[in-house]
Amino acid sequence: MDNAKIAERLEHLAALLEFQGANPFRLKAYRNGADSIRASSIPVAKALAENQDLTTWVGVGSSVAEKCRELVDTGSLAQIDQLEQEIPPTVLDLLRVPNLGPKKAAALFKELGIKDLDQLKLACEQQKVRALKGFGAKTEQAILEGVLIAAQANQRMRINDADKVVRALQEHLTKFEVLERHEFAGSYRRGKETVGDIDILAVTSDPAGLMEHFATFPDMSSVLARGETKMSIRLDTGFQVDLRIVPAVSFGAALQYFTGSLTHNVELRHRAKARQLKINEWGVFRVGSEAELANDPQREGWVAGRDEADVYAAVGLPWIDPRLREMRDEFQWADANQLPRLLQTSDIRGDLHMHTTASDGENSLEEMVAAARQRGLDYIAITDHSQRVSVAGGLTPERLLRQWDEIDRLNERLAGEFLVLKSIECDILEDGRMDLPDDVLAQADWVMASVHFGIKQTRDEITQRILGAIEHPSVSAISHPTGRLINRRPAYEVDIPAVIEHAAKHRKILELNSSPKRLDLDDLHVRMARMAGVPIVISTDAHAVAQLENLRFGVQQAQRGGLSAQHVINTRSWDGIKSWLAGNATL
DNA sequence: GCCGTTTTCGGCCCGACTGTTTTCAGTCG
């Protein structure tokens with residue numbers, strides 16, 4: 001059982017206990033433990049096999065450690081099995097209804113025997129819900145509307161979709177004339193691969209006017225809440241957008257606060273406390289001061305809040321990039337004054353994964369080259385599919401060799417101003433062999449190996465296929481190593497720590513595929529690769545010229561993994577990459 | 001349940017908003 005699965009089981013346990021009304025701090029402890037295990041680069045199963053003491057891990061105490069042991073040994077938790085006798089798993093779906101938390105959901109289950117969303121809808125329609133203590137007609141109506149939302153819009157938005165919404169909101173908001181300052185916060189600002197909702201912070205001399213204007217956003221379906229400083233709307237797509245209006249003097253504090261992550265903020269405020277300070281969205285305050293008691297930045301005892309960097313400085317820290325605010329390494333790095341200079345999109349010099357009309361791309365070789373040159377790249381690799389991917393027009397050896405001839409001629413015309421690499425995205429077949437003969441692969445400049453078929457194989461089978469490809473002398477990199485499609489398909493069963501270890505041993509590269517549908521490897525695996533000294537290649541997998549701009553999503557994910565330019569192989573010249581592959585350069 | 005440079009017990013981030021309430025609980029982020 002891998003760390004992600006263990007973390008998921010612990011979170012499920014917390015959810016069940018929460019439903020039972022367990023001590024909230026106990027739930028938090030399980031969830032912290034799950035976070036810690038998910039973020040660990042050491043597999044729990046391996047640590048236990050080596051008799052390591054898990055309680056030395058932050059957030060893991062004796063209880064969580066025992067549960068890990070049970071999960072690894074037996075594959076399940078007796079406590080979960082027992083709880084599920086009492087609480088049908090479908091009951092947890094009730095928690096997806098907006099404004100329905102554990103207390104209310106438990107009341108519905110206990111008092112009315114409601115076990116799933118369908119039964120909840122029926123109970124609302126029959127007006128049974130309003131009779132319960134603490135519920136009323138308005139709540140009943142809100143739940144009824146919420147059931148539909150829970151049933152359909154249960155998914156987080158992919159980052160590229162969030163990006164489109166943000167652009168539309170941006171355009172709408174800037175039409176408001178007295179908007180002095182604004183910023184999009186939340187997980188969008190942290191660059192997460194998916195975004196649950198969108199948070200906007202704004203400074204204006206006319207809060208009521210801004211709220212009025214906000215309510216005229218064309219894609220809005222309803223206003224969920226509206227107070228003096230906060231307003232929430234729901235979009236036609238079901239997604240929620242929160243607007244918070246703050247005084248200029250509090251903008252930095254609010255931005256820090258609403259950027260999160262939650263666990264990052266908890267740590268920051270914990271540190272503030274140790275310095276007799278309190279941090280909230282209005283600013284940094286000296287504890288016990290007039291300002292703190294009144295929550296008023298204008299009074300004595302206000303320390304900082306206008307800019308985000310001031311908030312960090314108030315507790316003796318350098319500003320931390322939002323991409324790193326996941327409570328992983330950032331405080332350690334900040335304490336040691338070793339925050340990395342994160343990779344920037346402008347550091348990338350070449351794109352080593354893209355398709356043309358020769359397989360399933362939409363643009364020709366020449367068009368891809370022209371678009372890449374326009375983006376300021378120095379080189380690209382044309383990596384069309386190999387023959388096994390017949391639906392995508394995968395290349396036979398003959399067609400591939402003809403494409404390479406064409407590339408040779410193109411390179412002559414380019415006369416050193418730009419370089420096109422002779423490459424292939426070669427399938428790793430179900431039996432572990434490569435989809436093209438060795439003598440063909442040996443003529444390539446760059447070979448990416450991919451799994452597209454046999455994705456239902458066992459963990460051991462798929463892992464062995466990939467380890468075998470890593471050993472192949474012509475293979476340069478493994479592309480989209482887990483095969484996951486965000487919101488559509490989970491990763492295939494593959495032991496990524498083993499893949500990383502093998503790549504390190506054989507001096508091979510792993511891809512961070514920038515397609516917003518994939519973003520594969522994810523941020524945690526990228527971080528793991530960095531720690532193991534395995535270089536990452538960030539590539540677009542573009543199937544059309546417009547997709548070359550997806551690079552920024554990959555860069556963002558790499559930043560979340562803590563990567564600097566040095567960790568990313570395609571920040572180097574092609575000669576530099578060849579040199580690394582040949583063992584003549586270091587990271 | 002976890003944790004510790006105010007430490008082995010007693011905390012655990014903190015405020016906005018809503019609805020059902022006569023002063024607050026629940027939910028959310």
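Letters A, B, ... are given to chains in the order of the sequence lines, protein chains preceding strands, and every chain is numbered from 1.
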Considering only [options], which nucleotide approaches the side chain of [X] most closely?
X        : options                : result
A/Asn280 : B/dC14, B/dC17, B/dC12 : B/dC14
A/Arg26  : B/dG1, B/dG29, B/dA16  : B/dG1
A/Thr229 : B/dC14, B/dC17, B/dC2  : B/dC17
A/Gln276 : B/dT6, B/dC14, B/dG1   : B/dT6
A/Tyr30  : B/dC12, B/dG1, B/dG15  : B/dG1
A/Thr139 : B/dT20, B/dC14, B/dG1  : B/dT20
A/Lys273 : B/dA16, B/dC2, B/dC12  : B/dC12
A/Asp242 : B/dC12, B/dG29, B/dG1  : B/dG29
A/Ser62  : B/dG29, B/dC2, B/dT27  : B/dC2

Study note, to complete from the structure: Per side-chain contact (heavy atoms from CB on, under 4.5 Å), A/Glu18 is matched among A/Asn23, A/Leu27, A/Leu13 by A/Leu27
Check your understanding: Among A/Ile496, A/Leu524, A/Ile37, which one satisfies side-chain contact (heavy atoms from CB on, under 4.5 Å) with A/Asn3?
Key ->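 Exactly one candidate clears the test, A/Ile37.
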Please state whether the phosphate of [N], meaning OP1 or OP2, lies under 4.0 angstrom from any side-chain nitrogen or oxygen of [X].
X        : N      : result
A/Lys138 : B/dG19 : yes
A/Lys104 : B/dG19 : no
A/Asn295 : B/dG15 : yes
A/Trp282 : B/dC14 : no

Contact class for [X] (heavy atom, under 4.0 Å): base, sugar-phosphate, or nothing?
X        : value
A/Ser232 : nothing
A/Thr55  : nothing
A/Asn99  : sugar-phosphate
A/Leu262 : base
A/Pro98  : sugar-phosphate
A/Ala107 : nothing
A/Val97  : sugar-phosphate
A/Gly260 : nothing

Point to revise | Watson-Crick/G-U partner (both atom distances under 3.5 Å) of B/dT8 | key: none
Point to revise | Which residue lies more 5' along DNA chain B, comparing A/Val60 with A/Asn265 via nearest heavy atoms | key: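 That would be A/Val60.
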Grab the [atom1]-[atom2] distance between [X] and [N] for me, whole Å please.
X        : N      : atom1 : atom2 : value
A/Lys278 : B/dC12 : NZ    : C1'   : 16 Å
A/Phe25  : B/dG10 : CZ    : C1'   : 11 Å
A/Phe285 : B/dG15 : CZ    : P     : 9 Å
A/His270 : B/dG10 : NE2   : C1'   : 14 Å
A/Phe135 : B/dG26 : CZ    : P     : 10 Å
A/His264 : B/dC14 : NE2   : P     : 15 Å
A/Arg96  : B/dT27 : CZ    : C1'   : 17 Å
A/Met231 : B/dC28 : CE    : P     : 20 Å

With rounding to whole Å, what would you report as the distance between [N] and [M] at their [atom1] atoms?
N      : M      : atom1 : value
B/dG15 : B/dG10 : P     : 25 Å
B/dC12 : B/dT5  : P     : 16 Å
B/dT8  : B/dG1  : C1'   : 15 Å
B/dT21 : B/dA16 : P     : 24 Å
B/dG26 : B/dT22 : P     : 14 Å
B/dA25 : B/dT20 : C1'   : 9 Å
B/dT23 : B/dC17 : P     : 23 Å

Review point. Is it true that A/His264 and A/Phe331 have ring centroids separated by less than 6.0 Å?
Key: yes
**Study point:** Charged tip of A/Arg244 within 45° of A/Phe258 ring normal and under 6.0 Å
**Key:** yes
Check your understanding: Is the base of B/dG15 touched by the side chain of A/Tyr257 through a donor-acceptor pair closer than 3.5 angstrom?
Key ->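 By the distance-only test, no, there is no pair.
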Taking 4.0 angstrom as the limit, do [X] and [Y] come out as a salt bridge?
X       : Y       : result
A/Glu11 : A/Arg31 : no
A/Asp2  : A/Arg38 : no
A/Asp81 : A/Arg9  : no

Exercise for review: Give me the one residue out of A/Arg158, A/Arg552, A/Arg189 that meets salt bridge (Lys or Arg N to Asp or Glu O under 4.0 Å) with A/Asp163.
Suggested key: A/Arg552
